[in-house]
**Student:** 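Have a look at this one before I ask anything.
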Amino acid sequence: MKKIRVYELAKEAGLENKVLVARLQEDGYQVKSHSSTLTEDEAREIRVKLGLLQTETKEKRIQDQGRRTIIRRRKAVVQPPAEEAPAAPESPAESTAPAAEEAEQPAAAPEAPAAPAEGVAPPVSAAPEAGPAKASVEAPAAEAAPEVEAEKAPKTAAEEAPAAAAEPAPAAAEEPPPAPATEAPAAAAAEAPAAEPATPAQAPERKGLARVIKRAAITITPSPEERPRPRKPEKGKKPAVAAGEPDFDDAAGKKKGKRFVKFTPEVDRGPAKKGAAGKRKRKAEVVAEDFDELGLVPAGVRLGRGGRGGGKRKQQHDKPQFAAETKAIKKRITVYETISVGDLAHRMGAKANEVIAKLMGLGVMATVNQAMDFDTAALVAAEFGYEVEQGKTEEQTILTLEEEETGGELKPRPPVVTVMGHVDHGKTSILDAIRKSDVAAGEAGGITQHIGAHHVRAPQGEVVFLDTPGHEAFTEMRSRGAQVTDIVVLVVAADDSVMDQTREAINHARAAEVPILVCINKIDKENADPMRVKRELADLGLMSEEWGGDTIYCETSAKKGIGIDTLLDNILLQSEVLELKADPQRHAKGHVIEAQLHKGRGPVATVLVQQGTLRVGDAFVAGQFAGKVRSLINDKGEQVQEAGPSFPVEIQGLSGVPQAGDEFIVVRDDKMAKNVSAERQLKLREKELATDSKISLENLFDRMQEGEVKELMVVLRADVQGTLEAFSSSLEQLSTDNVKVRVLNSGTGTVNESDVLLAAASDALIIGFNVRPNARIQELAKREKVDMRFYDVIYHALEDIKKAMEGLLEPEFIEEVIGTAEVRQTFHVSKVGTIAGCYVTDGKAERNAQVRLLRDGVVVHTGQLSSLKRFKDDAKEVASGYECGISLRNYNDIKEGDVLEFFVMKEIQPEL
Ligand SMILES: Nc1nc2c(ncn2[C@@H]2O[C@H](COP(=O)(O)OP(=O)(O)OP(=O)(O)O)[C@@H](O)[C@H]2O)c(=O)[nH]1
């Protein structure tokens, strides 16, 4: 027999796995997790409950109903309706439980007769009412009073509204009316205005149900607490309305429904979706539900579906079902990772000030935009009587589905290559030469469309080249989590030697653990000396195969087209070793290589498919944007219908422009794509507000303790090579059994952008000696949350790192740069020394601040001011945009173009 997994049903019902699992467990199914299996019969039963059989034909539904009816009849056989009916009146003022029972009884009475006559319909109507009433009592009630249809009620009630203990009463009131109208009032007496004469509803099966709806609407009028929540009755009604399904009856008024819909984030909406109407409703609600599920909708904010045609009916169906749960749930807030103070207040319907006050009470100082973690949010929410629950994101659901997705077999895929090297060593020329050897390009008349990557079909095989040569782009992609390159081709000019960027490229490729293939270019040049290049590279650990190493070397002349074939051969050889494979049958997944807003076509993105096959019409998420593939264009500018693994294609159909390096993933449908997109946008916002998680000397020890850090990676910069070497060797000696210290990249001169990107991508620290980064780099580091530390003395840096590794680093002071000034002119005044005529470019210059003199980003001197003047007057401080005269204490070597950086040391308050 075919087994069906819970998550499949959850997917069908658009429910979260855990919600469905909980519900099934509640219903007595033997399920443990979303991957538990169910028999077909069980699945069918559940689908009926969840309203998923709505799409079936009428006849089928009728059959379903019939099945149910049969069950009921069984009970009907036992029927003691008449007896129970009388019982009801006796326990009028009882608590909910009794009320429920009573409700059932009366319901049973009327139904019993109806059932035989019409089948399912009548019982349904009765059931719904009883259901809500029983919520808590359900099971026992059903058994105890083997009423015919009452059963249904308990079932549905159980599924939908365990929480609705208090409300059931009113519902019950409605139900009883039919047969023992008198009892109804009695039972409901305590609770109920709801007791309105629902009687007519039961009499005629479907018609009656329809009527009930109207009444239900009337019922709503009672005070909010008493609102009857007739869930099951809907079943009866639905059939009437929507092709006789056994669903439910929206006894609840439209108004009610709207109200409830607002709050219910993860309420099981399954049942509501039953009928054909349910389907429609589902669509109409998509947005509201999605946002609600995501917790994006603050409590109290209506997620109304507007007054569009059909909407009302849909609402009615939902409402009753959620009604019971609503009360409990509206006091619950779903938080994913963090939530801002403002958001939390909004969702609780409280003022941000109140929340801030509570936080202060807890010893936390926060601003309205500050993010709180889950635990803090839970504490604060509790103070307001709210419960906070950890949200499970749709993204996690995707991951689970992905894991469970059984695709086809893994097939070999072409390698993806990035070309790196020093400026002018010939990267672009090599790419051009390779492109010329592309058979397909030749066929297409050499017309190529620049889409950021090209797929070369050489006689030797297929290779994909990324068109963004250089290690910066490579590392920037990697810092965004995109590891798309399989092989790095390192271009070194034979007439030149290993240069700075050659070294950087090697370090970047190594940090990404991507194999390097060396291409010695420009061998046509007279002064070409490939051997020298090989020797230099061997010193850097890239030993050629012919010398016993494992690095493949090839020699080319991009200009003359020499060696290009060999280069391609070698790339394919290397890729064979890597055994690159992908499953073309899965949902497509890959990364955005580049994206832009095109004038006529809107947002377009070039993606590299890494897994599965991407097809026109696929719903997808790229970064924080959702979309549906409208068209696919390959690197030759041709429209294609699909793209398999390693193929770069340009897609149209995005809702926004993603960033290079963003993940691209095809999902089940548009709805899921939108959900994930909304989730990501929310997360991004939260992340921006949240504190960083990157490595820093302060958090090093904690992260070591948590086992997150096994290797401390460092990017070094110093004014002179000697310092670098001395520091590197001492630093590596700090390695312990638990943590290895590794220098990722080092170089002379100040910190540059690629250092920051490398550190960000590799979770590394940047340490500089006598160098200072410019404002742009500081800004970038801040954005990428990279910890940069600057020292004058090697010993201090080593001491800090050692302390940090031992958890003893207690930063008491932190340097705060308050301003910078540019030296525009210098004057020498005898007995005073050099006076610098400066222009304050940023912040302010302060007489008592410390100052650092920078020349080309390198610290030349650090000390204090001896004077700060505005014209002839001494000044305490000079603001940005003004000129001033500055002299430094005991230092005269100031030159035009130097930069003065003013800073103060601020004491850090120890954390409580
Ligand atoms: N003689 C000779 N010149 C070459 C060869 N390859 C490239 N060149 C020349 O070297 C110069 C730089 O080549 P590019 O391909 O632009 O180098 P690049 O590494 O892409 O340079 P950037 O994009 O600036 O980083 C150009 O003038 C090319 O014509 C070669 O194999 N032989």
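Numbering of ligands and ligand atoms starts at 1, following listing order. It should be emphasised that the depicted structure is a prediction, and the values quoted were computed from it without experimental measurement.
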**Student:** Given Lys559, Lys522, Lys560, Glu555, identify the one with the heavy atom nearest to atom 8 (N) of ligand 1.
**Tutor:**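 Of the listed residues, Lys522 has the closest heavy atom.
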
**Student:** Below 3.5 Å, N or O to N or O, backbone or side chain included: is there any such pair between Lys525 and ligand 1?
**Tutor:**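 No - when backbone and side-chain N and O of Lys525 are compared with those of ligand 1, no distance drops under 3.5 Å.
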
**Student:** Any nitrogen or oxygen of Val423, main chain or side chain, under 3.5 Å from a nitrogen or oxygen of ligand 1?
**Tutor:**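 No.
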
**Student:** Say whether Gln652 and Ser631, considering side chains only, have a donor N or O and an acceptor N or O under 3.5 Å apart.
**Tutor:**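 Yes, Ser631 and Gln652 have a side-chain donor paired with an acceptor closer than 3.5 Å.
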
**Student:** Does the distance from a Lys or Arg side-chain N to an Asp or Glu carboxylate O, for Asp755 and Arg717, drop under 4.0 Å?
**Tutor:**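 A salt bridge links Asp755 with Arg717.
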
**Student:** Can His422 be said to touch ligand 1, with heavy atoms closer than 4.0 Å?
**Tutor:**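 Within the 4.0 Å threshold, so yes.
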
**Student:** Can you check whether Asp524 has an N/O within less than 3.5 Å of an N/O in ligand 1?
**Tutor:**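 Indeed, backbone or side chain, Asp524 has an N or O that close.
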
**Student:** Return a yes/no value for Gly426: is any of its N or O atoms, backbone included, closer than 3.5 angstrom to an N or O of ligand 1?
**Tutor:**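 Indeed, backbone or side chain, Gly426 has an N or O that close.
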
**Student:** Could you report the tightest heavy-atom contact between Val771 and Asp719, atom names first, then the distance?
**Tutor:**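 What the structure gives for the nearest pair is CG1-N, 3.8 Å.
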
**Student:** Heavy atoms only: give me the nearest Ala781-Val756 pair and the separation to one decimal.
**Tutor:**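 The answer is CA-CG1, 3.7 Å.
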
**Student:** Taking the six-membered ring of Phe465 as reference, does the NZ or CZ atom of Arg435 fall below 6.0 Å from its centre and within a 45° cone about the axis?
**Tutor:**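 No, cation not above the ring by the 6.0 Å, 45° rule.
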
**Student:** Any donor-acceptor pair under 3.5 Å linking the side chain of Gln778 with the backbone of Pro773?
**Tutor:**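 Such a contact is found between Gln778 side chain and Pro773 backbone.
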
**Student:** Heavy-atom contacts with Thr428 under 4.0 Å: which atoms of ligand 1 show up? List them by number with element.
**Tutor:**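 Result: 15 (O), 18 (P), 20 (O), 23 (O).
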
**Student:** Regarding Ser880 and Asp842, is there a side-chain donor-to-acceptor distance under 3.5 Å anywhere?
**Tutor:**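 The answer is no; no qualifying pair exists.
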
**Student:** Taking atom 6 (N) of ligand 1 as the point of reference, which of Asn521, Ile564, Asp432 owns the nearest heavy atom?
**Tutor:**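 Nearest heavy atom to atom 6 (N) of ligand 1 lies in Asn521.
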
**Student:** Of Ala558, Ser429, Gly421, which has the heavy atom at the shortest distance from atom 7 (C) of ligand 1?
**Tutor:**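 It is Ser429 whose heavy atom sits nearest to atom 7 (C) of ligand 1.
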
